[in-house]
A.B. asks: 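I'd like to ask some things about the structure below.
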Amino acid sequence: MSLSLFKIGIILGISGIIWISIVFFEGNRTTEEFLLESLNSHSIKLDFVGKDIGYYKVFMPEFAGEKMFVQILDHNGNIISEQSVQTKMSVEYFDFDKSDKYSAKITNISENPINLQFEFGNTNSQNMIPAGIILLVGVIIIIISSYMKLKNYRIAQPDENIS
């Protein structure tokens with residue numbers, strides 16, 4: 001079995017994707033599921049290390065148009081990010097520039113209680129750079145090999161005067 005340029009590109013692309021997934025799941029994160037009564041708040045705290053990108057994911061399994069407000073705060077109470085959420089699932093990203101304890105404050109601003117799942121963590125994106133380069137090289141190899149195969153490809157045209 002010989003390895004063509006296309007197969008090498010596929011192998012590099014798949015390995016880059018798997019590597020990125022592993023690095024992402026190694027990041028520091030916490031998940032909580034809770035019932036949030038109307039006009040109440042819930043806070044989740046997590047230690048972040050270094051300078052990177054954090055994220056939070058809000059999922060409301062029984063969504064019926066409820067609205068909530070999410071704030072990301074540093075240990076001094078300074079607002080890093082804030083967003084109003086009115087969808088069944090929402091993912092938002094924020095930058096943090098130093099090691100610190102950050103908290104997510106979720107406030108139910110609707111009239112009904114909300115059952116929700118909240119995930120809060122670090123994307124670990126700084127460690128994804130080598131994997132991203134391998135993925136990029138794989139995709140470029142796939143594009144080049146596909147172009148080389150298709151540049152001499154001719155489609156047979158039927159005769160114009162078929163009787």
A.B. asks: Hey, what do you get for NZ (K88) to CZ (F63), rounding to the nearest 0.5 Å?
C.D. replies: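 The NZ atom of K88 sits 9.5 Å away from the CZ atom of F63.
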A.B. asks: Between D100 and D74 (side chain of the first, backbone of the second, donor and acceptor by atom type, cut-off under 3.5 Å), is there such a pair?
C.D. replies: no
A.B. asks: What distance separates I10 CD1 from S15 OG, expressed to the nearest 0.5 Å?
C.D. replies: 10.5 Å
A.B. asks: How close do I44 and F34 get, counting heavy atoms only, and between which atoms?
C.D. replies: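 Taking I44 first and F34 second, the nearest heavy atoms are CD1-CE2, 4.2 Å.
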A.B. asks: Consider only side-chain heavy atoms of I, L, V, M, F, W and Y, link residues closer than 4.5 Å, and tell whether I53 and I72 are in one cluster.
C.D. replies: no
A.B. asks: Can you confirm whether Y93 is buried at OH, in the sense that more than 12 heavy atoms of other residues, nucleotides or ligands lie under 6.0 Å from that atom?
C.D. replies: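 Not buried by this count: 12 neighbours or fewer within 6.0 Å.
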A.B. asks: Can you name the nearest heavy-atom pair linking T87 to M89, along with the distance?
C.D. replies: OG1-O, 3.0 Å
A.B. asks: Please answer whether the main-chain N or O of G54 pairs with a side-chain N or O of T123 as donor and acceptor at a distance below 3.5 Å.
C.D. replies: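 Absent.
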A.B. asks: Using atom types as modelled and distance alone, determine if a side-chain donor or acceptor of N122 lies under 3.5 Å from a backbone N or O of F48.
C.D. replies: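 Flag not set: sc N122 to bb F48 has no pair under 3.5 Å.
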A.B. asks: Could you check whether any side-chain heavy atom of L135 comes within less than 4.5 Å of a side-chain heavy atom of W19, counting everything from C-beta outward?
C.D. replies: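 Not touching, per the 4.5 Å side-chain cut-off.
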A.B. asks: About how many Å separate CD of E66 and CG of N112, when rounded to the nearest 0.5 Å?
C.D. replies: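 If I round to the nearest 0.5 Å, the distance is 5.5 Å.
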A.B. asks: In Å, rounded to the nearest 0.5 Å, how long is the span from CD1 of I11 to CD1 of I142?
C.D. replies: 10.0 Å
A.B. asks: Using the rule that Ile, Leu, Val, Met, Phe, Trp and Tyr join whenever any side-chain heavy atoms are under 4.5 Å apart, tell me whether I20 and F25 fall into a single cluster.
C.D. replies: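 Same cluster.
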A.B. asks: Side chains of V58 and V70: does their closest heavy-atom pair fall under 4.5 Å?
C.D. replies: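 Yes, at least one pair of side-chain atoms sits under 4.5 Å.
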A.B. asks: Nearest heavy-atom pair of S110 and S38: which atoms, and what distance?
C.D. replies: O-OG, 2.7 Å
A.B. asks: Roughly how far, to the nearest 0.5 Å, is CD of Q86 from CE of M68?
C.D. replies: 10.5 Å
A.B. asks: Under a 4.5 Å cut-off applied to non-hydrogen side-chain atoms, are I79 and L73 in contact?
C.D. replies: yes
A.B. asks: For S125, does its backbone N or O pair with a side-chain atom of D52 as donor and acceptor, under 3.5 Å?
C.D. replies: yes
A.B. asks: Over 60° means perpendicular and under 30° means parallel, so tell me whether Y102 and F94 are parallel, tilted or perpendicular.
C.D. replies: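 Judged by the thresholds at 30° and 60°, the geometry between Y102 and F94 is tilted.
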A.B. asks: Identify the heavy atoms of K149 and F6 that sit nearest to each other, and give their distance.
C.D. replies: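 Where K149 meets F6 most closely, the heavy atoms are NZ-CB, 4.0 Å.
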A.B. asks: Run the side chain to side chain contact (heavy atoms under 4.5 Å, CB included) test on H42 and F118 for me, step by step, so that the C-alpha distance in whole Å, both residues' side-chain angles and the decisive distance to 0.1 Å come before the verdict.
C.D. replies: CA-CA 10 Å; H42 182 78; F118 193 85; over 6 Å; no
A.B. asks: Tell me the closest heavy-atom pair linking F24 and R29, and the distance in Å.
C.D. replies: O-NH2, 2.8 Å
A.B. asks: Applying side chain to side chain contact (heavy atoms under 4.5 Å, CB included), can you list everything that pairs with P113, at least two apart in sequence or on another chain?
C.D. replies: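 Once residues adjacent in sequence are excluded, the partners of P113 under the side chain to side chain contact (heavy atoms under 4.5 Å, CB included) criterion are L35, E37.
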A.B. asks: Among E119, E92, E32, which one satisfies salt bridge (Lys or Arg N to Asp or Glu O under 4.0 Å) with K57?
C.D. replies: E119
A.B. asks: Same cluster or not: I18 versus L136, using hydrophobic residues (I, L, V, M, F, W, Y) connected whenever any side-chain heavy atoms lie under 4.5 Å apart?
C.D. replies: no
A.B. asks: Are the side chain of N28 and the backbone N or O of L46 linked by a donor-acceptor pair below 3.5 Å?
C.D. replies: no
A.B. asks: Should we say atom NZ of K101 is surrounded by more than 12 heavy atoms from elsewhere, each under 6.0 Å from it?
C.D. replies: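 Yes.
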A.B. asks: Would a single hydrophobic cluster contain both V49 and I129, if residues Ile, Leu, Val, Met, Phe, Trp and Tyr are joined by side-chain heavy-atom contacts under 4.5 Å?
C.D. replies: no
A.B. asks: Measuring only between side-chain heavy atoms, which start at C-beta, is M60 closer than 4.5 Å to V85?
C.D. replies: yes
A.B. asks: Shared ILVMFWY cluster between I134 and I141, side chains joined below 4.5 angstrom?
C.D. replies: yes
A.B. asks: Once rounded to the nearest 0.5 Å, what's the spacing between atom CG of L36 and atom OG of S41?
C.D. replies: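 Between atom CG of L36 and atom OG of S41 there are 7.0 Å.
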